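It should be emphasised that the depicted structure is a prediction, and the values quoted were computed from it without experimental measurement.
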Amino acid sequence: MNSTATLFFLLFFPILAVAQTDQSGQTGSSKPFVLGRIEEINSLQLAEKRTLNIYLPEGYSPTDTLRYPVIYLLDGSADEDFIHIVGLVQFNNFSWINRVPKSIVVGIANVDRRRDFTYPTTIEADKKRFPTTGHSDRFIAFIGNELQPFIDQKYKTTTTKTIIGQSLGGLLATEILLNQPRLFDKYIIVSPSIWWDNGSLLNQPSALLRSDYTRETTVYIGVGKEGLTPGDIPRVMEVDANMLAEKIKNTKSKSVTVYFDYLPQEDHATVTHQAVFNALRLLCPAPATSK
């Protein structure tokens, strides 16, 4: 038995060695895997330079006549939500799925999300805890006056615009929805931090709720099983999200559609990916097929 095992080893070992050598020899032919491109924009509104991560759909060409809708992603750094959200968009673009129109994704990298995503609060404890907060007005002006024109000028875009925001990003997306709803056609709002300023956004009037609001606007609100919010005043994330959905459902406009999605299998850390997957299916229904 020992001689047989030795003979087998001697015969087989060279094959392993060659295989390992061949595999290691392939490293010289490797090349970078490119997911998108990085842009920088100088913002007068924010008085700083901002980084953008841009995904262009397969087949995008600056020389043809095709134009693409744009998805604006808050928390859009490479180490935040950009890569996995782009993956969802690309997956839904596959020809055998074809759930979502081929789209440009603009990930807005963060500098100070508490500063950019929150409006001024009346809660003294939060003012002390988060001293840079309260400047969402500047960030919204940056989006509307600088970022969107920059993207429209540099890339082949349509007028269809979507925003995705989670947590404080969801708070900002909600503020835009209620205060400047025409900035976007589609809103994907995930676990919004409505608790900020003790939920004052829920009491705010909005043009979106009036009968004379005629812009077609679709809103998705998703939330996981998340429980109490981080503020000192007790609030529940799921309840706030549901109250926001009900507020929008009570609009007198016939041009506004809202979806509420409760995901009990997810929490605040895990909800974004599944919620955006669901939102894309709801906001972009599958094309009808002939039988």
Side-chain angles (χ1 to χ4, degrees), residues 46 50 72-85 107-140 142-143 163-179 187-204 206 219-248 258-279:
L46 301 174
R50 298 302 293 254
Y72 290 87
L73 174 64
L74 304 173
D75 295 319
S77 298
D79 59 353
E80 294 173 318
D81 291 328
F82 180 74
I83 293 174
H84 76 98
I85 296 300
I108 310 169
N110 279 321
V111 172
D112 182 347
R113 66 196 302 271
R114 289 193 177 120
R115 177 198 70 185
D116 292 337
F117 295 171
T118 61
Y119 53 89
T121 181
T122 59
I123 309 300
E124 292 299 326
D126 287 340
K127 290 180 184 179
K128 294 178 181 178
R129 189 180 296 122
F130 311 116
T132 65
T133 56
H135 299 288
S136 59
D137 56 336
R138 298 180 196 167
F139 195 76
I140 294 171
F142 159 69
I143 291 174
I163 186 169
I164 300 175
Q166 188 262 349
S167 193
L168 286 179
L171 177 71
L172 181 80
T174 302
E175 183 182 357
I176 295 173
L177 174 67
L178 297 178
N179 289 344
Y187 290 78
I188 299 177
I189 299 172
V190 183
S191 301
S193 296
I194 300 298
W195 60 269
W196 183 253
D197 194 36
N198 196 25
S200 61
L201 267 185
L202 294 174
N203 301 319
Q204 186 170 308
S206 172
V219 182
Y220 168 93
I221 300 169
V223 65
K225 189 174 183 180
E226 305 179 42
L228 290 175
T229 61
D232 291 340
I233 301 172
R235 302 185 70 95
V236 178
M237 187 74 74
E238 297 94 312
V239 174
D240 280 349
N242 188 54
M243 289 174 66
L244 174 62
E246 290 301 316
K247 176 184 177 75
I248 301 168
V258 60
Y259 299 95
F260 178 74
D261 190 13
Y262 177 50
L263 296 91
Q265 303 297 323
E266 310 299 336
D267 59 26
H268 197 70
T270 66
V271 68
T272 304
H273 191 83
Q274 186 61 52
V276 174
F277 179 84
N278 293 353

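- The two atoms that bring Ser136 and Glu175 nearest to each other are OG-OE1, 2.8 Å, heavy atoms only.
- Residues passing the side-chain contact (heavy atoms from CB on, under 4.5 Å) test with Asp137 are His135, sequence neighbours excluded.
- Considering OG1 of Thr272 and CD1 of Ile85, their distance stands at 7.0 Å, rounded to 0.5 Å.
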Stepwise side chain to side chain contact (heavy atoms under 4.5 Å, CB included) test for Tyr119 and Asn179: CA-CA 12 Å; Tyr119 53 89; Asn179 289 344; over 6 Å; no
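- Every residue was checked against the ring-ring contact (aromatic ring centres under 6.0 Å, His included) condition with Phe82, not counting sequence neighbours, and none meets it.
- When the salt bridge (Lys or Arg N to Asp or Glu O under 4.0 Å) test is applied to Asp267, no partner is found at least two apart in sequence or on another chain.
- Residues passing the side chain to side chain donor-acceptor pair (under 3.5 Å) test with Asp240, sequence neighbours excluded: Arg235.
- In this structure, the separation between CE on Met243 and CG on Leu202 is 5.0 Å, given to the nearest 0.5 Å.
- Side-chain contact check for Ile233 versus Trp195: every heavy-atom pair is 4.5 Å or farther apart.
- Considering CD1 of Ile164 and CD1 of Ile189, their distance stands at 11.5 Å, rounded to 0.5 Å.
- Counting all heavy atoms, side chain and backbone alike, Arg129 lies closest to Asp126 at NH1-OD1, 2.5 Å.
- Listed here is the closest heavy atom pair of Val219 and Ile221: CG1-CG1, 3.9 Å.
- From Asp112, atom CG reaches atom OG1 of Thr132 across 3.5 Å, with rounding to the nearest 0.5 Å.
- Scored by the ring-ring contact (aromatic ring centres under 6.0 Å, His included) test, Phe277 finds no partners at all (sequence neighbours excluded).
- Taking the side-chain contact (heavy atoms from CB on, under 4.5 Å) definition, one finds that Thr133 meets it with Arg114, Thr118, Phe130, Trp196, sequence neighbours left out.
- Evaluation of the side-chain contact (heavy atoms from CB on, under 4.5 Å) rule for Glu238 yields Val223, Lys225, Glu226, Val236, Tyr262 as partners, not counting sequence neighbours.
- The side chain to side chain donor-acceptor pair (under 3.5 Å) test applied to Gln265 returns no partner, not counting sequence neighbours.
- Taking all atoms of both residues into account, the shortest heavy-atom contact from Leu178 to Gln204 is CB-NE2, 4.3 Å.
- The heavy-atom pair separating Arg50 from Ile108 by the smallest distance is NH2-CG2, 4.5 Å.
- Ile123 has its side chain out of reach of Asp232: every pair of non-hydrogen atoms, C-beta onward, lies at least 4.5 Å apart.
- Remark: Glu80 engages Asp75, Ser77, Asn110 in a side-chain contact (heavy atoms from CB on, under 4.5 Å) (not counting sequence neighbours).
- Residues in residues 269-279 take part in no salt bridge (charged side-chain N to carboxylate O under 4.0 Å, His left out) pair, two or more places apart or across chains.
- Across Pro192 and Gly222, no two heavy atoms sit closer than the pair CD-O, 4.4 Å.
- In this structure, the side chains of Leu74 and Phe139 come closer than 4.5 Å at one or more pairs of heavy atoms.
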Full working for side chain to side chain contact (heavy atoms under 4.5 Å, CB included) between Ser191 and Ser167: CA-CA 5 Å; Ser191 301; Ser167 193; 5.5 Å; no
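- Gln166 places a side-chain N or O within donor-acceptor distance of the main-chain N or O of His268, the cut-off being under 3.5 Å.
- By the side chain to side chain donor-acceptor pair (under 3.5 Å) test, Asp197 is found to be paired with Thr121, Thr122, Ser200, residues two or more places apart in sequence or in another chain being considered.
- Residues Val111 and Leu46 are not in side-chain contact: their nearest non-hydrogen atoms beyond the backbone lie 4.5 Å or more apart.
- Counting only heavy atoms from C-beta outward, the side chains of Asp116 and Leu172 never approach each other to under 4.5 Å.
- Residues forming a side chain to side chain donor-acceptor pair (under 3.5 Å) with His84 (at least two apart in sequence, or on another chain): Asp81, His273.
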